[in-house]
Novice: 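This is the structure I have questions about; it appears just below.
Here the structure is a predicted model, which means the values were calculated and not measured.
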Amino acid sequence: MDRPDKKIGILTFHCVQNYGAMLQAYALKGYLCQEGYDARIINYRSSAILAPYEVSMSLAQAAGRRVIVFPWRWPESLKTLHWVKTHPQEQIGRREKFRRFEEEYLLDPGASPVPYEEIGRLPVDAFIFGSDQIWNTDITGEEEDVYWGLFPTEGQKRIVYGASLSHRELRPAEQRNIQRCLSSFDAVSVREKALAEKVEELTGQRVPVVVDPTLLLSREDYERSLPLSPPGVEPYVLLYMMRDSEEAMKAAKRTGLPVKIVGCRIGEHFIDVGPGKILNAGPIEFLNLAYHAKYIITNSFHGTVFSILFQRPFCVISGEDDRIDNLLRLAGLEKARIPDAGAFSPGCFVQSTEDTFQRLRQMIDLSKGYLKNALSGG
């Protein structure tokens with residue numbers, strides 16, 4: 001199992017219109033390939049995960065989807081449906097850019113969807129599950145088996161890298177799955193300290209905390225491997241929020257610079273305020289917007305990651321969020337987060353420095369070591 005051309009199959013969220021999801025998949029595959037592994041993303045396409053990103057659906061179709069199950073998402077969903085109707089060309093363009101990124105950077109050429117019953121028979125030496133919120137049943141549904149490793153294999157290693165949740169209190173199905181599935185994996189790691197504590201509480205097993213895959217690559221890695229364009233002439237503020245926020249828009253305008261708004265996905269949350277909104281950005285366009293921004297205002301975990309990696313002055317407008325708080329604490333940038341847009345002033349922006357990367361280096365090295373040991377059996 002120590003040969004450099006070991007075949008690795010990655011099971012993660014790789015096929016949704018979400019910048020963070022696609023970029024963490026890209027980064028994990030890219031890092032493993034850098035290390036000499038023959039890493040590929042398995043083209044497993046869960047209908048529960050894809051459903052919120054569908055262009056349109058009847059009310060009957062939507063009835064069982066998580067958009068309907070969680071009433072607090074209804075206002076955002078109605079805005080999305082309105083957006084799809086009123087901006088069909090932008091939506092089509094956006095979807096095409098995500099599809100192109102998936103085909104060019106994530107999947108092997110001509111890769112077909114892999115059904116559940118064929119996953120365990122794939123010619124790989126190890127499966128890596130993650131990263132991202134693969135254990136979040138709000139996203140995957142309670143019937144999802146693949147991301148919990150509940151499929152027959154032929155002796156391949158089963159490794160969890162950076163499993164994550166967006167909520168502190170585990171759902172009953174998540175508790176049951178952690179208790180019954182954890183022992184079937186050869187190695188398990190999670191992305192947040194709070195989840196590691198929950199796992200230990202439920203199973204008595206201590207699991208390591210690792211960084212998000214996007215941090216396994218350096219800024220230089222992204223510059224070399226993706227088409228980041230030369231900067232434009234006009235400076236701007238990038239506003240990247242996971243939910244509509246007129247107050248955040250007002251905060252961005254206080255900088256006195258033009259504001260460019262990019263939404264995280266089509267499906268539930270999409271900003272629909274201000275003339276600077278960019279409706280058809282794919283992952284490459286998103287990275288370029290972050291790479292060249294004068295300032296970034298966000299409440300997104302991956303918006304925070306790329307603000308740090310690209311050394312852009314940034315501000316996080318967010319209440320408590322284990323994923324973001326854990327990252328900012330590791331980086332020594334806790335001052336970047338403010339509780340609400342009303343507390344914003346241009347003095348709130350924080351910028352990563354060489355000291356930031358020195359602080360992150362230990363955790364990044366531990367995460368790389370975890371993967372190396374798990375794959376080698378050490």
Novice: Check salt bridge (charged side-chain N to carboxylate O under 4.0 Å, His left out) between Asp340 and all other residues, then give those that pass, not counting sequence neighbours.
Specialist: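 Result, salt bridge (charged side-chain N to carboxylate O under 4.0 Å, His left out) vs Asp340: none returned.
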
Novice: Restricting to side chain to side chain donor-acceptor pair (under 3.5 Å), what partner residues turn up for Thr12, sequence neighbours left out?
Specialist: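 Thr12 satisfies side chain to side chain donor-acceptor pair (under 3.5 Å) with Gln24 only.
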
Novice: Looking at Lys6 and Asp38, is any side-chain nitrogen of the basic one under 4.0 Å from a carboxylate oxygen of the acidic one?
Specialist: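 Salt bridge: no.
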
Novice: Under 3.5 Å, which donor-acceptor pairs do the side chains of residues 229-239 form with other protein atoms, sequence neighbours left out?
Specialist:
from   : atom 1 : to     : atom 2 : distance (Å)
Ser229 : OG     : Asn288 : OD1    : 3.0
Tyr236 : OH     : Leu289 : O      : 2.8
Tyr236 : OH     : Ala293 : N      : 3.4

Novice: Once side-chain contact (heavy atoms from CB on, under 4.5 Å) is applied, do any residues pair with Ala331, and if so which ones, sequence neighbours excluded?
Specialist: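 Residues passing side-chain contact (heavy atoms from CB on, under 4.5 Å) with Ala331: Ile308, Leu333, Thr356, Leu360.
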
Novice: Taking ring pair (Phe, Tyr, Trp, His ring centres under 6.0 Å) as the cut-off, I'd like each qualifying pair that reaches into residues 184-233, sequence neighbours left out, listed once.
Specialist: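 Of all non-adjacent pairs touching residues 184-233, those that pass ring pair (Phe, Tyr, Trp, His ring centres under 6.0 Å) are Phe129-Phe185, Tyr222-Phe306.
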
Novice: Should Glu96 and Arg99 count as an ion pair when the cut-off is N to O under 4.0 Å?
Specialist: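 Result for this pair is yes, salt bridge flagged.
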
Novice: I'd like to know if the side chain of Ser218 pairs up with that of Asp221 as donor and acceptor (distance under 3.5 Å, no hydrogens or angles considered).
Specialist: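 Yes, a side-chain donor-acceptor pair sits under 3.5 Å.
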
Novice: Which of these, Phe13, Tyr147, Tyr116, Phe151, sits in a ring-ring contact (aromatic ring centres under 6.0 Å, His included) with Tyr44?
Specialist: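 Answer to the ring-ring contact (aromatic ring centres under 6.0 Å, His included) test with Tyr44 among Phe13, Tyr147, Tyr116, Phe151: Tyr147.
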
Novice: Any pair with a residue in residues 185-207 that passes side-chain hydrogen bond (donor to acceptor under 3.5 Å, both in side chains), sequence neighbours left out, goes on the list, sorted by first then second residue, please.
Specialist: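 For residues 185-207: Ser164-Arg191, Ser164-Glu192, Arg191-Asp212.
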
Novice: Would you compute the distance between atom CG of Leu371 and atom CG of Leu375 and round it to the nearest 0.5 angstrom?
Specialist: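 Interatomic distance, Leu371 CG to Leu375 CG, rounded to 0.5 Å: 6.0 Å.
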
Novice: Output all residues satisfying salt bridge (charged side-chain N to carboxylate O under 4.0 Å, His left out) with Arg219, sequence neighbours left out; order by chain, then residue number.
Specialist: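 Scan of Arg219 (salt bridge (charged side-chain N to carboxylate O under 4.0 Å, His left out), adjacent residues dropped) gives Glu223.
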
Novice: Tell me which pairs pass salt bridge (charged side-chain N to carboxylate O under 4.0 Å, His left out) where either residue lies in residues 352-362, with sequence neighbours left out.
Specialist: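 Every pair satisfying salt bridge (charged side-chain N to carboxylate O under 4.0 Å, His left out) with a residue in residues 352-362: Arg361-Asp365.
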
Novice: Would you mind listing every side-chain hydrogen bond (donor to acceptor under 3.5 Å, both in side chains) that reaches into residues 306-317, with sequence neighbours excluded?
Specialist: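 Residue pairs passing side-chain hydrogen bond (donor to acceptor under 3.5 Å, both in side chains), neighbours aside: none found.
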
Novice: With sequence neighbours excluded, give me every salt bridge (charged side-chain N to carboxylate O under 4.0 Å, His left out) pair touching residues 324-335.
Specialist: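 Counting only pairs at least two positions apart or across chains, the salt bridge (charged side-chain N to carboxylate O under 4.0 Å, His left out) contacts touching residues 324-335 are Asp325-Arg337.
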
Novice: Quick one: which residue pairs count as a ring pair (Phe, Tyr, Trp, His ring centres under 6.0 Å) with a foot in residues 349-372, not counting sequence neighbours?
Specialist: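 Listed by first then second residue: Tyr295-Phe349, Phe344-Phe349.
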
Novice: Sequence neighbours left out, what pairs pass ring pair (Phe, Tyr, Trp, His ring centres under 6.0 Å) with at least one residue falling in residues 156-180?
Specialist: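 Sorted result for residues 156-180: empty, none.
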
